[in-house]
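Just so it is clear, the values below take in all heavy atoms, side chains as well, and ignore hydrogens, waters and symmetry mates. For reference, positions follow the sequence shown, starting with 1.
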Amino acid sequence: MNSDNDLQIAGDILEVRHLLQPPREHPSTVAEFVGLARSVAADRSQWEHLVRYDATTRWYHRLRTVPQALGSARAGETPIGYEVWLLSWVPGQGSGSHDHGRSSGVLTVLEGTLTERTERGTRALGTGAQRVFAPGYVHEVVNDTLEPAVSLHIYYPGLTEMPMHPATAPHCDARPVSA
């Protein structure tokens, strides 16, 4: 399969909503964390009043911290703690190229459009778009638009480090024009 979408194996699991399980208090699978992100995103009363925009520094707010809970996993699963973060992005703000250490995550765009840059290319993420990533996934997120944006991030286990990486060369999809 020739696709730049690293979520696409036999279709995008995020587009098959009936396969996503409802969020549990203590998710333990990627699908359950995606479901939790969608649930929080849909309930604007949980986050909308908290959003602040700051042109001088990146603004973020930890919405929820859930420690590893013994007995919360199903048979054969390891329970994991997680954190839910809310971030705002004014035009031009970016994260810098980074990974999330040992944490996996789900990024959900709540408002606006963000650009994700990876070694594989550049992807525009509009309102409702989600990205799922594993430990060690290197990316940069930037607001390249003229409007502010808001995103929700779930890290599991909770975020303990965010190593920065040298900037990757910009990806260009330009093709020669024939006359």
To the nearest 0.5 angstrom, please state how far the [atom1] atom of [X] sits from the [atom2] atom of [Y].
X	Y	atom1	atom2	answer
Tyr156	Glu32	OH	CD	10.5 Å
Leu50	Ser88	CG	OG	11.5 Å
Leu152	His61	CG	NE2	11.5 Å
Leu86	Arg64	CG	CZ	12.0 Å

- Who pairs with Trp85 by side-chain hydrogen bond (donor to acceptor under 3.5 Å, both in side chains), at least two apart in sequence or on another chain? Glu83
- Task: Name all residues meeting the side-chain hydrogen bond (donor to acceptor under 3.5 Å, both in side chains) criterion together with Thr56; count only those two or more places apart in sequence or in a different chain, and write none if there are none.
- Result: Asp54
Minimum side-chain heavy-atom gap [X]-[Y] below 4.5 Å:
X	Y	result
Arg58	Ser95	yes
Val132	Val34	yes
Leu87	Val141	no
Val150	Trp47	yes
Glu119	Val138	no
Trp59	Gln93	no
Glu116	Thr122	no
Val84	His153	no

Contacts under 3.5 angstrom, residues 102-114 side chains, donor-acceptor by atom type, not counting sequence neighbours:
residue : atom : partner : partner atom : Å
Ser103  : OG   : Pro157  : O            : 2.7
Ser103  : OG   : Gly158  : O            : 3.2
Thr108  : OG1  : Gln130  : NE2          : 2.8
Glu111  : OE2  : Arg44   : NH2          : 2.3

- For residues 107-131, the ring-ring contact (aromatic ring centres under 6.0 Å, His included) pairs (sequence neighbours left out) are none
Can you see which heavy atom on [X] is nearest to which on [Y], and at what distance?
X	Y	answer
Ala167	Ser97	CA-CB, 4.3 Å
Trp89	Ser151	NE1-OG, 2.8 Å
Pro27	Leu36	CG-CD2, 4.0 Å

- Mind checking whether His139 and Tyr137 have parallel, tilted or perpendicular rings, split at 30° and 60°? tilted
- Message: Suppose the criterion is salt bridge (charged side-chain N to carboxylate O under 4.0 Å, His left out): which pairs have a residue in residues 152-167, not counting sequence neighbours?
- Response: none
- Query: Do other residues, nucleotides or ligands put more than 12 heavy atoms under 6.0 Å from Tyr53 OH?
  - Reply: yes
- Message: Taking atom CD as the centre, does Glu147 end up with more than 12 heavy-atom neighbours from other residues, nucleotides or ligands that are less than 6.0 angstrom away?
- Response: no
- Supply the members, apart from Met164, of the Ile/Leu/Val/Met/Phe/Trp/Tyr cluster built from side-chain contacts under 4.5 Å; use none for a lone residue. Met162
- Item | Val51 reachable from Val90 in the ILVMFWY side-chain graph, under 4.5 Å edges | yes
- Item | hydrophobic_cluster_shared for Val142 and Leu125, side chain cutoff 4.5 Å | no
- Answer with yes or no after comparing the ring centroid distance for Tyr82 and Tyr155 against a 6.0 Å cut-off, counting only values under it. no
